[in-house]
Q: 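Got a structure here, written out as structure tokens. Questions coming.
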Amino acid sequence: MTDSALPGPGVCGHWSGAESRYCRSADGVRLYIPGHRCPAHTPAAVKGQPEPPERPGWGYGSRKETQA
């Protein structure tokens, strides 16, 4: 496997063009729309913005359609 091969799930898939390689960090990786990202390469971090605050998710039964 070369360093430019696509990273698998669970590792950061941020491409560093200057270094011609993927980040591949496995610490604190979360799934975002563009793929798996470590805390240093989240969409907000790449833009230089703070991370949005944590919010409670929509749990089972919280939607009107599921309530009788």
Side-chain angles (χ1 to χ4, degrees):
M1 175 196 285
T2 64
D3 200 34
S4 62
L6 290 173
V11 295
C12 182
H14 176 78
W15 176 257
S16 175
E19 299 174 9
S20 297
R21 66 177 190 90
Y22 289 99
C23 171
R24 297 187 191 277
S25 173
D27 297 327
V29 173
R30 293 179 56 195
L31 182 60
Y32 292 89
I33 292 174
H36 290 89
R37 298 293 186 259
C38 68
H41 296 121
T42 65
V46 170
K47 291 180 183 177
Q49 299 174 347
E51 294 295 324
E54 296 268 339
R55 295 187 180 138
W58 285 87
Y60 177 77
S62 62
R63 297 188 58 168
K64 290 181 183 178
E65 296 85 25
T66 62
Q67 297 175 356

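Keep in mind that this is a model prediction, so the values were computed, not measured. Throughout, residue positions are numbered sequentially from 1 according to the sequence presented.
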Q: Below 3.5 Å, can you tabulate the donor-acceptor pairs from side chains in residues 42-52 to any protein atom, sequence neighbours excluded?
A:
residue, atom, partner, partner atom, Å
Thr42, OG1, Ala45, N, 3.1
Thr42, OG1, Glu51, OE2, 2.3

Q: Can you give the donor-acceptor pairs under 3.5 Å from side chains of residues 25-41 to other protein atoms, not counting sequence neighbours?
A:
residue, atom, partner, partner atom, Å
Ser25, OG, Asp27, N, 3.4
Arg37, NH2, Pro34, O, 3.3

Q: Which heavy atom in Tyr22 sits nearest to a heavy atom in Gly13, and how many Å separate them?
A: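 Result for this residue pair: CD2-O, 3.3 Å.
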
Q: CH2 of Trp15 to SG of Cys23: how many Å apart, nearest 0.5 Å?
A: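 Between Trp15 CH2 and Cys23 SG, I get 12.0 Å after rounding to 0.5 Å.
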
